[in-house]
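Numbering of ligands and ligand atoms starts at 1, following listing order.
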Amino acid sequence: MAQLLITGGAGFIGSHTALVLLEAGHNLVVLDNFSNSAPEALRRVQELAGPEAAQRLTVVEGDIRSAADLDRTFAAAPGDQPVAAVIHFAGLKAVGESVREPLRYWDVNLAGSRQLLAAMQAHGCRTLVFSSSATLYGYPEVVPIPETAPIQPINPYGHSKAAVEQLLDDLAASEPGWRIARLRYFNPVGAHPSGRIGEDPSGVPNNLFPFVSQVAVGRRAELQVFGGDWPTPDGSGIRDYIHVMDLAEGHRAALDVLLAEPPQLLTLNLGSGEGHSVLDVVRAFEAASGRPVPFQIVARRDGDAASTVADPRLAAERLGWRTRRGLADMCRDGWCWQQANPHGYGH
Ligand code: NAD
Ligand code: UFG
């Protein structure tokens, strides 16, 4: 059992991971400015974890770019148990928005990470799990994509993640003792099976899964399928969807390895290794929900690749972790969340 600091812990991936870590017996301090989430998510994490575990979660409202907020967060850990590790989810993640507002993306994602790392150094904590992304691979040359594939992001969001990965390289090389896992997520979707916590995008969803579930629940009329002429078996784009609970368990496994092994810098894909097309997702969601998902095939979206699928073997080898949930589980749990919370947390 360790004292952990989670930035962005109220968000989609952070909230599910916080639950898994509370259930594993850890003490958590979450720092979040709620710019893309609601405090209600953490209240529900506490409810799901039960009364004993709920007391092991402390919430600090603040910004990763603020040294004072970070000091306050480190100080929120009980005095006899300094922060053993940080899991850093806080960041901005919308590709299109990053093209329009690059300064904001570099500020939150890079400057925010730098500020956090400086605070970690000041507080003597050198263990970090960082949310990286398969977006780093750009248009991949080899699919399934190994971690050794070239880093060639194609938008400001991806550039900012690549810059943080570089910064972590430099930091690990600068002094011994850092234990760092850079986890490159593929396409996280779904929700906790209770339907109490899930993904709550604001406005029109950019991503396929929340869009499909909003069509199924009747909030939107139809899905636009971006491209029917990709070089894939059914002509629609292929991605490696990963259930958010599998992803949360991947964080727990990475943390266990970092805390148990000598200092190291780990770089791992977190994906299933299986690709599904947009039309596969539509059909699976219709089956899970019993609702039609009308769609229209339109032009390709700028910046999309035909197919991105993880080579997940290194994570299996290093973490002893692999995904356990398939597309039907992702749709069932995502639908359960969507149906019970048609307007998300209502924030
Ligand atoms: P999310 O937006 O749901 O969660 C991010 C959280 O960080 C939110 O609670 C938000 O309020 C908080 N936050 C943002 N800026 C902050 C700041 N300056 N200070 C404090 N808190 C701040 O996103 P998510 O899907 O849970 O993603 C988590 C991380 O994983 C992000 O870094 C994202 O880039 C990365 N990632 C996500 C995906 C994906 O498809 N969801 C894929 C690859 C990587
Ligand atoms: N798609 C549609 N219609 C939509 C939305 C998406 O057809 O309304 C298609 C896309 O063209 C693509 C697939 O569905 O073929 C998945 O698209 P998403 O937007 O859900 O996901 P991406 O793979 O484009 O990107 C996501 C995140 C990135 C992250 C990447 C890899 O948005 O931030 O996964 O982790 F980097």
Side-chain angles (χ1 to χ4, degrees), residues 6-17 30-39 41-42 60-66 69-70 73 87-96 98 104-105 107-109 111-113 115-116 130-138 153-155 157-158 160-161 164 183-189 198-202 204-212 214-215 220 222-228 230 232 236-242 244 247 251 269-271 276-279 281-282 295-308 310 347:
I6 306 192
T7 73
F12 172 42
I13 305 168
S15 55
H16 291 79
T17 306
V30 165
L31 171 65
D32 203 301
N33 67 358
F34 302 114
S35 58
N36 197 37
S37 57
L42 290 170
V60 175
E61 182 167 358
D63 198 298
I64 53 165
R65 291 164 295 176
S66 157
D69 288 355
L70 285 163
T73 311
I87 307 182
H88 178 30
F89 294 106
L92 304 178
K93 61 166 183 176
V95 170
S98 80
R104 211 170 126 234
Y105 272 69
D107 185 33
V108 175
N109 291 358
S113 297
Q115 193 71 262
L116 172 68
F130 171 62
S131 296
S132 190
S133 170
T135 198
L136 292 183
Y137 299 121
I154 52 170
N155 53 61
Y157 167 62
S160 70
K161 288 286 178 189
V164 178
L183 304 181
R184 297 177 179 163
Y185 315 152
F186 278 67
N187 290 58
V189 300
E199 186 170 15
D200 182 18
S202 47
V204 182
N206 299 306
N207 298 114
L208 179 66
F209 242 81
F211 203 104
V212 166
Q214 291 189 8
V215 172
R220 304 193 186 276
E222 68 172 18
L223 169 74
Q224 295 195 321
V225 175
F226 298 140
W230 293 102
T232 61
S236 66
I238 289 183
R239 294 291 181 274
D240 184 335
Y241 297 98
I242 172 171
V244 66
L247 190 60
H251 286 75
N269 287 336
L270 295 189
H276 295 288
S277 73
V278 175
L279 299 182
V281 170
V282 168
F295 66 86
Q296 194 190 344
I297 296 181
V298 301
R300 292 179 180 187
R301 179 172 67 176
D302 272 356
D304 271 350
S307 173
T308 60
H347 68 110

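Numbered from 1 in the order shown, with element, the atoms of ligand 1 that lie under 4.0 Å from a heavy atom of Val108 read 15 (N), 18 (N). Heavy-atom proximity to Ser131, at under 4.0 Å, picks out these atoms of ligand 1: 29 (C), 30 (O), 32 (O), 35 (C). Atom numbering of ligand 1 starts at 1 in the shown order; those under 4.0 Å from a heavy atom of Gly62 are 19 (N), 20 (C). Annotation for ligand 1: atoms under 4.0 Å from non-hydrogen atoms of Phe34 are 11 (O). Listed by number with element, the atoms of ligand 1 under 4.0 angstrom from any heavy atom of Ser35 are 10 (C), 11 (O), 13 (N), 14 (C), 15 (N). Those atoms of ligand 1 that come under 4.0 Å of a heavy atom in Lys161, given as number and element, are 31 (C), 32 (O), 33 (C), 34 (O). In the vicinity of Tyr157, heavy-atom distances shorter than 4.0 Å reach the ligand 1 atoms 33 (C), 34 (O), 35 (C), 36 (N), 43 (C), 44 (C). Atoms of ligand 1 found under 4.0 Å from any heavy atom of Arg65, numbered from 1 in the order shown, are 18 (N).
Closest to atom 10 (C) of ligand 1 among all protein heavy atoms lies Asp32 OD1, 3.5 Å. Taking atom 22 (C) of ligand 1 as the reference point, the nearest protein heavy-atom neighbour is Asn33 OD1, 3.1 Å.
For ligand 1, the polar-atom distance check finds no N/O of Ala10 at less than 3.5 Å from any of the ligand's N/O atoms. Backbone and side-chain nitrogen or oxygen atoms of Ser132 are examined, and none is located within less than 3.5 angstrom of a nitrogen or oxygen of ligand 1. An N or O contact shorter than 3.5 Å links Ser37 to ligand 1 by distance. Note: an N/O pair closer than 3.5 Å links Ile64 and ligand 1 by distance alone. On a distance-only criterion, Gly11 and ligand 1 share at least one N/O pair closer than 3.5 Å. Considering backbone and side-chain N/O of Tyr185, none are found under 3.5 Å from N/O of ligand 1. At least one N or O atom of Phe89 sits closer than 3.5 Å to an N or O atom of ligand 1.
Using a 4.0 Å cut-off between a side-chain N of Lys or Arg and a carboxylate O of Asp or Glu, Asp304 and Arg301 qualify as a salt bridge.
Not a single donor-acceptor pair under 3.5 Å links the side chain of Asn155 to the backbone N or O of Val95. Side-chain N or O atoms of Asn207 include none that pairs as donor or acceptor with a backbone N or O of Phe209 at under 3.5 Å.
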Does the pair Phe186 and Tyr241 meet the rule for a ring-ring contact (aromatic ring centres under 6.0 Å, His included), with working shown? CA-CA 7 Å; Phe186 278 67; Tyr241 297 98; over 10 Å; no

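Protein residues having a heavy atom under 4.0 Å from any atom of ligand 2 are Lys93, Ser133, Ala134, Thr135, Tyr157, Tyr185, Phe186, Asn187, Asn206, Asn207, Leu208, Leu223, Gln224, Val225, Phe226, Gly237, Arg239, Tyr241, Val278, Arg301, Asp304, listed by chain and number.
With sequence neighbours excluded, no residue satisfies ring pair (Phe, Tyr, Trp, His ring centres under 6.0 Å) with Tyr105.
If you look at His251 and Tyr185, their ring centroids are closer than 6.0 Å.
Put simply, no part of Glu199 is less than 4.0 Å from ligand 1, judged by heavy atoms.
Of the candidates Pro201, Gly91, Pro188, Pro188 brings a heavy atom nearest to atom 39 (C) of ligand 1.
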